[in-house]
Structure formats: structure tokens, C-alpha cells
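Single-structure report; data block below.
In what follows, every chain begins at residue 1, and chains take the letters A, B, ... in the order their sequences are listed.
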Amino acid sequence: MLDPKYLRTDLEEAAARLATRNYTLDVETLKSLENRRKELQIRTQDLQAKRNAVSKSIGEAKKKGEDVSAIMASVGELGKELDEIKAQQDAVLAEIEKIALTVPNLPDQSVPVGKDDTFNVEVRRWGTPREFDFPVKDHVALGEGIKTANAGPQLDFDKARDITGARFVVMKSQIARLHRALAQFMLDVHTQEHGYTECYVPYLVNSKTLQGTGQLPKFEEDLFHTNLDGTCELDGQTKRYSLIPTAEVPLTNLVANTVLDPKDLPIKITAHTPCFRSEAGSAGRDTRGLIRMHQFDKVEMVQIVEPGKSWEALESLVHDAEDILQKLGLPYRVITLSTGDMGFSSAKTYDLEVWIPAQNTYREISSCSNCLDFQARRMQARVKVAKGKNELVHTLNGSGLAVGRTLVAVMENYQQADGSITVPDVLVPYMNGLTSIR
RNA sequence: GGAUGGGUGGCUGAGCGGUUGAAAGCACCGGUCUUGAAAACCGGCGGGGCGCAAGCCCUCCUGAGUUCGAAUCUCAGCCCAUCCGCCA
């Protein structure tokens, strides 16, 4: 959520900045709601003050044994009026809240302005894509060509289709192990070299949690939801669990509704989890292979930092992600997403794109975002900066990395003419010494 | 799933329906004392909203209700603890 104070005082500016990310802020509606809110709040508070004063005097009079029937009669109407106005105020407040929860974060001033991904800006490149002296295969062809002992493909999309449906995969044998090795390797690097604390988190979360990081209420259809005793509405909260679309959700919400001690910051945490996305609206895109799955593994990094320290934290986060790619020897580039291409909660996002030989292009493998206080405000995550002075923390998240896509990159970049895959040096220990998958 | 007991400020923990936003202790902050520190003593110390401010309002798990007035009473829900049952 944006700072309601800012939204009140600089509504026009907010609208202009949000427009750069293709979001139209309903200025007129907000203005009139705000005016109404103010008017109603003044009236309720006035009535409440009156009621409090009278009630107090009743108490005092009663204590002295005086007759209070006259005073009590005088406040009879007050309660009724208060109830009415309070109800109106609650309705207006609820309406404002409803809008506020669907307004995306403001893009930082340093973010390139543009309506879509064509306005993204390349920041730097690392590594040189390898020259192949044979026709390159994509990871699907490679994975289906490498067989298990009983001749089944090690990358099996057909079985997954039978078991579940499209956009799922079954991995077997050494490919499955390579996939696991990648995740282990990433976790080890982040915990042992980058200072993150490893976490194991729930894969099913409640609605409040999803609201905290910004997935709800706006992106309902992007998620998979469970159906706990039917879905019942309970004080505005849908009672059900949903599968996490990223570990950012449980990790970031670890600090929801807390007041942190500055000396405990920054908090750097990481987790390897499966991620579940409905991919609503991406029908037909990346239908071949592992690039876009309903279920995929990811190692996620989250940082909780003091306000004012998040920009340096964003740079460190990107470097932590880049380090994995460098250790794996995978060529990549760093992109600054334009205003129109950023996620809902982000003020600035760097994407890491890894070289995919079969597509002759770079594809997203990590997304690192600074959310500033946007998520913290939704979660009520604060830090005690001075005595009695609490400020919202800043939250950042980044993939470190998407494991499935890293597997794709390793398979394709390390393929040999005979269809085998050389195991990157850093992964050999995780593969029990195996140097080649064939 | 069944039974019982609970949810109060950073923590522990009081709180007859009426100056209780909340005793007390710990922690924390400021001061006195001290060469310095500790101890002792004095003072301060939850969160949020509106407002330039004074101040006013909200907030004792959440929501609804009773009442002139609710942390205190009623109902529902959520969560926690313990015991029983079931179970990876």
C-alpha cells in the first residue's frame, strides 16, 4: 500500500507516476471519498467526545449518590446518531481501503519510463555465449534423448501430462539429481557465503499473508487455491489456503505484525520451495519445455532492512543472484525493468536474464525487487528507530535462482555434440563425482 | 475430532461495568551521584488516526451484541496450552 498521507496530499503526482506503469488512479473518486471520510470522522469523533464526557459525569454523579436520570435521558439520542454516522464512516473507510489495496507501488525515479518490456534497459553483461560447432538442441530434446536405465526419458513431459496436465514435468535419474543439486548448491552459497539464514516454510498460506506481499486482492486468478470446507467468507477474509506462487510470500511475512529492533536488521533469509502459478493469461506462451510451468522450484532470497538502506540492499541482492550464475559459468545480462513491466509491489526491479542457446536469446531467470515500505505497510512490519518511534521497514526479494530455468540453462549451455551434458565444476561434488550426464 | 484452561503494552503479570490506556516488576531511555561503571534515587516509557498546535478519537485476539458507559457481561469466530482419540 502507498502511504495514505501521500495519497491525500499529492494525489495528482501519485496519479501521474502511476500512469507510467499503466495504472489509472481514479482521482475523482478518491478525492470525494477522502472529503467524505474527513467530514464523517470529524462528526463521529465529536459525538464520541460528547458521549465520553457525559458518561464520565454519570459515573461521577453516581458515585456521589446523586440522581442521574436527567443526564441519562439527555444522551439517549446521542447513541443512535453516533451509530448511524459511524456506520457511514466505516463504509467509506472500507471503500478507500478496497481501492488502496489494489493500487500498485510507485516506480522509483531512477526507473526507465515506458509502457512495456521494450523500454527495459540493459545494465551489464557477464560471460560470452559459447560458439557451437554442431546444431544445438533445446533442453526438451536433450532431456528426452537422455534415457533412464529402463529406457524412459529423464525429462518426461508426457507422463506429467497424464498424471496431471499441461505445464508439469517429471524428472528422473541424473536429470532429477542435477535439478536437486542446483537447489542445494544455491542454498549453500547463499547461507555460507552471502549471509542468509535458511528457512523451511509452509507452501500453503492464508489470505492475509497473500495480502501482505501484494498477491491479493488483485491477483486472485494467478494462484491455485485449496477448497477448505467450501470457501466461506469471514469478516472479509476468505477462509482457505492457497499455494505459494513464490517463497517471497511466506518469507517476507515472517516479519508481519512485528516491531523489530534495529540491531536485528538487516534480516536476510532464504528458502528453497516449489512455486505454483496458474499462468492465467499466458496460454500459448512458452508451451514447450520447462520455461513456464504450473509448478517449479525456486530458491528465494528476502531482505528486511531499515528504511533508507534498501537501495544498497537491492544492489547486494542482485550480486548474490549473479554470483550463482557466475559460479555456474552461465552467461547473463542484467536488466532494469521499465515502469510498465514491473510487478505490483515493486518500486524498482532488476531482472537477470540467462543465455538460452536454443532460443538464441536471454531469458529471465531471476527478478530482484525493492518494495520499499509498500509490503511493510500492508503487513505492519516496523522497526523501532527511536524511543516510541516506529517506522515501516523496507522489504526486498529476489530469485536466487529459479531452479527449473537454471536447469534449462545448464543443460543447453553445457550440451555436447553427442547429446550428453557436462556437469558444471561446482556441481560435480553434488553429483557424487559425476562429470557428464548421458 | 472430543474435553478443559487461556489470549492484556517489548516481556512477565494485576485488573468490583464508571477519571483504567490500563497496577506492579523486568527491559529500555533521560537525569542525580561516581574518575568511569555498577548500585541507589528521581523522571520518562504501548500502537494508530485527524490536526500547524493545543487537543480530540480509536485500540486490552477478531467480529457482533447488551449498556448512558465494556479490558471487564453475552454470542460467534480465530489462535495458543494441556489431556484423550486419530495419524505421516
Sugar-phosphate only, base, or nothing, as touched by A:R43 at under 4.0 Å among non-hydrogen atoms = nothing

Return the set of residues passing side-chain hydrogen bond (donor to acceptor under 3.5 Å, both in side chains) with A:T24 (not counting sequence neighbours), or none when no residue passes.
-> none

Write down the distance separating the C1' atoms in B:C60 and B:G15, rounded off to the nearest Å.
-> 11 Å

Counting only Watson-Crick or G-U wobble pairs whose two distances fall under 3.5 Å, which nucleotide matches B:A64?
-> B:U74

Which of these nucleotides, B:G49, B:G18, B:G47, is closest to any side-chain atom of A:I58?
-> B:G18

Under 4.0 Å between any heavy atoms, over every strand shown, what does A:N52 touch: base, sugar-phosphate, or nothing? Just pick one.
-> sugar-phosphate

First encountered from the 5' end of RNA chain B, between A:D90 and A:K50 | A:K50

Using atom CG of A:N257 as one end and atom P of B:U59 as the other, report the distance to the nearest whole Å.
-> 18 Å

When you measure from the side chain of A:R382, which nucleotide among B:G47, B:G49, B:C68 comes out closest?
-> B:G47

Report the distance from atom CD of A:E300 to atom OG of A:S366, rounding to the nearest 0.5 Å.
-> 8.0 Å

B:G51, B:C57, B:G47: which one has an atom nearest the side-chain heavy atoms of A:Q45?
-> B:C57

Answer for the Watson-Crick or wobble partner of B:U20, both distances under 3.5 Å, is none

Across every strand shown, the nucleotide meeting Watson-Crick or G-U wobble geometry with B:C41 (both distances under 3.5 Å) is B:G31

